[in-house]
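Here the structure comes first, spelled out in structure tokens, and everything after it is commentary.
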Amino acid sequence: MISGILTATVLVGGIGLLIGLFLGGAAIWLQVASDEKEEAVLALLPGNNCGGCGYPGCAGLAAAIASGEAPTNACPVGGAEVGKKIADVMGVEAEESERMTAFVRCRGTKDQVKLDYEYDGLGDCRMLSFVPNGGPGACDFGCLGYGSCVQVCPFDAIHVYNGAAQVDREACKACGKCISVCPRNLITLIPYSAKYAVACSSREKGPVTMKECGAGCIGCGICEKNCPAGAIRVEDFKASIDQSKCTGCGVCAEKCPKKVIVVP
């Protein structure tokens, strides 16, 4: 009886030892050599794993930079400062980069937008495509105001004020999560240095826009006619600013009769 127990114990112990040796050997054999540059780059990245760079987290970006697939300044959160440090690690010249920030192209607050009906349902902008007219607001191009963008922002940089989302550009890291979640594509990236931007996305004709919202671009073209730098164009009844041409003179904002050209 005792000899049987001892035999079983030795047998089980021997099998366990063999399995341990096998797994240990496999771990050594299958080990992937670490890339020192990749590890160094990863250590410099902020670790937010926001995906704003287009890669699956900071580890994915570090691997892409180390292999030369991504530029050294690809991290929107780290910005130019981190980009320069990564360039030093990679032994290359730092690439020029411009700080960007998100901007909501709408100022249609509750006191500006006409309502077609009262809505009392799920507070998620993405779900409003299933309700009549895509939401209670008369404007089909305006902010829905239920904060889906707020929920996904990892930096607490966007909030809804009186029914319209606005970005705190000091807190914004331009990760792009708010852009991807907005069902009406109202959020875009503009240079942090931008002096003015058009806070409207409506493509309705002027008379229709005026009926729907008190803060909508009516496509009158006054801004385009008065811009000394030729930085503004009106297409589809909507003004837009070419930030590469804008000098920040402010004439467009001064002349705009609806005051939809604003300081970001």
Side-chain angles (χ1 to χ4, degrees), residues 101-153 155-169 171-172 175-190 194 196-225 232-241 252-264:
T101 184
F103 176 72
V104 182
R105 295 174 294 176
C106 180
R107 287 295 186 273
T109 54
K110 290 180 179 179
D111 53 343
Q112 296 283 3
V113 179
K114 177 185 175 183
L115 295 180
D116 289 334
Y117 58 88
E118 291 293 333
Y119 173 74
D120 184 17
L122 186 63
D124 187 327
C125 301
R126 293 163 292 186
M127 297 302 295
L128 290 189
S129 59
F130 298 101
V131 306
N133 297 328
C139 178
D140 293 333
F141 301 93
C143 179
L144 294 164
Y146 289 95
S148 293
C149 52
V150 177
Q151 296 167 21
V152 300
C153 178
F155 306 103
D156 193 33
I158 187 167
H159 299 90
V160 174
Y161 298 102
N162 195 23
Q166 291 189 38
V167 175
D168 176 355
R169 67 176 188 166
C172 179
C175 71
K177 285 200 170 184
C178 58
I179 295 174
S180 62
V181 79
C182 179
R184 288 188 168 177
N185 301 312
L186 298 180
I187 309 175
T188 187
L189 291 181
I190 63 173
Y196 294 95
V198 181
C200 181
S201 296
S202 176
R203 295 192 297 273
E204 299 282 12
K205 293 182 179 180
V208 176
T209 298
M210 287 191 289
K211 289 180 180 179
E212 296 176 342
C213 179
C217 177
I218 56 176
C220 64
I222 292 177
C223 54
E224 182 177 359
K225 294 174 184 176
I232 303 182
R233 290 288 181 270
V234 176
E235 297 178 339
D236 294 329
F237 311 104
K238 179 183 66 174
S240 61
I241 297 177
C252 57
E254 178 185 344
K255 297 290 184 179
C256 177
K258 303 302 291 184
K259 302 304 177 186
V260 297
I261 301 178
V262 301
V263 177

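Numbers here simply count residues along the sequence, with the first being 1.
- Residue C178 holds its SG atom at 7.5 Å from CG of L189, rounded to the nearest 0.5 Å.
- In plain terms, the two heavy atoms of N133 and R184 that are nearest each other are O-NH2, 4.0 Å.
- Qualifying ring-ring contact (aromatic ring centres under 6.0 Å, His included) partners for Y161, counting only residues two or more places apart in sequence or in other chains: none.
- Judged by distance alone, with hydrogens and angles left aside, the side-chain atoms of E224 form no donor-acceptor pair with the main-chain N or O of R233 at under 3.5 Å.
- A salt bridge (Lys or Arg N to Asp or Glu O under 4.0 Å) check over residues 110-129, counting only residues at least two apart or in different chains, returns the pairs D124-R126.
- Checked against side chain to side chain contact (heavy atoms under 4.5 Å, CB included), V152 has the following partners two or more places apart in sequence or in another chain: K177, V181.
- Considering only residues two or more places apart in sequence or on other chains, C217 meets the side chain to side chain contact (heavy atoms under 4.5 Å, CB included) condition with C200, A239, V260.
- A heavy-atom distance below 4.5 Å is not found between the side chains of C106 and S201.
- Interatomic distance, C143 SG to L186 CG, rounded to the nearest 0.5 Å: 6.0 Å.
- Under the rule for a side-chain hydrogen bond (donor to acceptor under 3.5 Å, both in side chains), the partners of T209 that lie at least two apart in sequence or sit in another chain are S202.
- With rounding to the nearest 0.5 angstrom, the NZ atom of K238 is 7.0 Å from the OG atom of S240.
- Applying the side chain to side chain contact (heavy atoms under 4.5 Å, CB included) test to C153 and every residue at least two apart in sequence or in another chain returns F155, A157, I158.
- Here the straight-line distance linking atom SG of C182 with atom CZ of R105 works out to 8.5 Å at 0.5 Å rounding.
- With a 4.5 Å cut-off on side-chain heavy atoms, Q166 and R107 count as touching.
- Shown here are the side chain to side chain contact (heavy atoms under 4.5 Å, CB included) partners of C125, two or more places apart in sequence or in another chain: L144, Y146, S148, P183.
- Between A253 and Y196, the shortest heavy-atom contact is CB-CE2, 3.7 Å.
- No donor-acceptor pair under 3.5 Å is formed between the side chain of K211 and the backbone N or O of G206.
- Using a 4.5 Å heavy-atom cutoff, the side chains of T101 and P264 are not in contact.
- Between V234 and G221, the closest heavy-atom pair is CG2-CA, 3.9 Å.
- For the residue pair A164 and T109, the shortest heavy atom distance occurs at CB-CG2, 4.0 Å.
- Going from atom CD1 of I241 over to atom CD1 of I190 covers 8.5 Å, rounded to the nearest 0.5 Å.
- Heavy-atom minimum distance, Y117 versus P132: OH-O, 2.6 Å.
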Show your reasoning for whether side chain to side chain contact (heavy atoms under 4.5 Å, CB included) applies to I222 and C256.
CA-CA 7 Å; I222 292 177; C256 177; over 6 Å; no
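- Atom NZ of K258 sits about 6.0 Å away from atom CD1 of I218, to the nearest 0.5 Å.
- Between the Y119 side chain and the V131 main chain, no donor and acceptor come within less than 3.5 Å of each other.
- Partners of R203 according to the salt bridge (Lys or Arg N to Asp or Glu O under 4.0 Å) rule, which considers only residues two or more places apart in sequence or in another chain, do not exist here.
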Decide side chain to side chain contact (heavy atoms under 4.5 Å, CB included) for T188 and I179; before the verdict, give the C-alpha distance in whole Å, the side-chain angles of both, and the deciding distance to 0.1 Å.
CA-CA 6 Å; T188 187; I179 295 174; 5.6 Å; no
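- Between F237 and E204 there is no side-chain heavy-atom pair separated by less than 4.5 Å.
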Tell me, with the steps shown, if F103 and V198 meet side chain to side chain contact (heavy atoms under 4.5 Å, CB included).
CA-CA 9 Å; F103 176 72; V198 181; 5.9 Å; no
